[in-house]
Amino acid sequence: MALTLILGNKNYSSWSLRPWILLKMLDIPFDEIVVPLYGPDSKEKLLQYSPKGQVPVLKDFDLTVWDSLAIMEYIAESFPDKKAWPQDKADRANARSISAQMHSSFDAIRNTLPMNCKKQMKFTDISADLQQDIDEVCAIWQHCLSQSNGDFLFGEFSIADAMYAPVVLRFDSYGIEVGQLQQAYIDTMLALPGMQQWIEAGKAEEWAIEQAEI
Ligand SMILES: N[C@@H](CCC(=O)N[C@@H](CS)C(=O)NCC(=O)O)C(=O)O
């Protein structure tokens, strides 16, 4: 295999972080190309990599896989020994459910608290919709962590953790208050060398996306 992951700005691109942290955590070698988003020629560049014109995109020789969850499924299937999904069937079903939920929901978190590695603030203007999303994420984490036999949602790091990695960053950046168990999970995730590497790279970027700054 010859994997190349095409990513957006590390400071802002939450969808890009997901497959990137999965590959790092599973210790799978890959090359990466960062395409700065929302510039004058960004779309043209993105369309050179995938018909959707968005990141992340995974190239494996002449195969193109796009959309974060499809990329992570491809990784899971290509490296079965790496156990990208939990091994237990029921855990795997739960992990797929909360991953799909992350992929399709939580608009208030996504729109109100854009991922931004450079941001550290106390966000107080919490709408009812945002609080509902925060509570829902906390309930998912509580349920998984209270049954987990490890530090992650399903024991070992899995695609489910990769899906929620940007939420961890957002809760930390905006000072979102969570319970003890959820805070321990946030601390564990943030301490991962891969997460630290991503955050540092994001902080070092000079590109700014105005609409993602609050
Ligand atoms: N559902 C897609 C979402 C991808 C997405 O929205 N990517 C954003 C960056 S985080 C993007 O490429 N934006 C640039 C554009 O649309 O021009 C996924 O899971 O990968």
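Note that ligands are numbered from 1 as they come in the structure, with each ligand's atoms numbered from 1 the same way. Predicted model only: the values in this text are computed from it and were never measured.
Residue contact check: L37 has heavy atoms under 4.0 Å from atoms 9 (C) of ligand 1. Remark: ligand 1 atoms within the under-4.0 Å shell around heavy atoms of D67 are 1 (N), 2 (C), 18 (C), 19 (O), 20 (O). The K43 neighbourhood of ligand 1 comprises atoms 15 (C), 16 (O), 17 (O), with distances under 4.0 Å to a heavy atom of that residue. Under a 4.0 Å criterion applied to the non-hydrogen atoms of P56, ligand 1 contributes the atoms 20 (O).
Within 6.0 Å of CD on E177 lie no more than 12 heavy atoms contributed by other residues, nucleotides or ligands. A 6.0 Å sphere centred on CD of E77 holds no more than 12 heavy atoms belonging to other residues, nucleotides or ligands.
In this model, a donor atom of one side chain and an acceptor atom of the other lie less than 3.5 Å apart for Q120 and D172.
Of all protein heavy atoms, the one lying nearest to atom 4 (C) of ligand 1 is V55 O, 3.3 Å. Protein heavy atom closest to atom 13 (N) of ligand 1, with residue, atom name and distance, is Y38 OH, 3.0 Å.
Evaluated for a side-chain contact (heavy atoms from CB on, under 4.5 Å) with M163, the options L69, L153, I21 yield exactly one hit, L69.
For the residue pair K10 and A201, the shortest heavy atom distance occurs at CD-CB, 3.6 Å.
We find that K118 and E205 are not joined by a salt bridge, their nearest charged nitrogen and carboxylate oxygen being 4.0 Å or further apart.
In this structure the side chain of F106 never reaches within 4.5 angstrom of the side chain of R170, judged on heavy atoms.
Remark: ligand 1 and H103 share an N or O pair separated by less than 3.5 Å (distance only, no angle test). Geometrically, ligand 1 and Q54 share a nitrogen or oxygen pair separated by less than 3.5 Å.
Of the listed options S13, A70, S68, S42, S68 places a heavy atom closest to atom 20 (O) of ligand 1.
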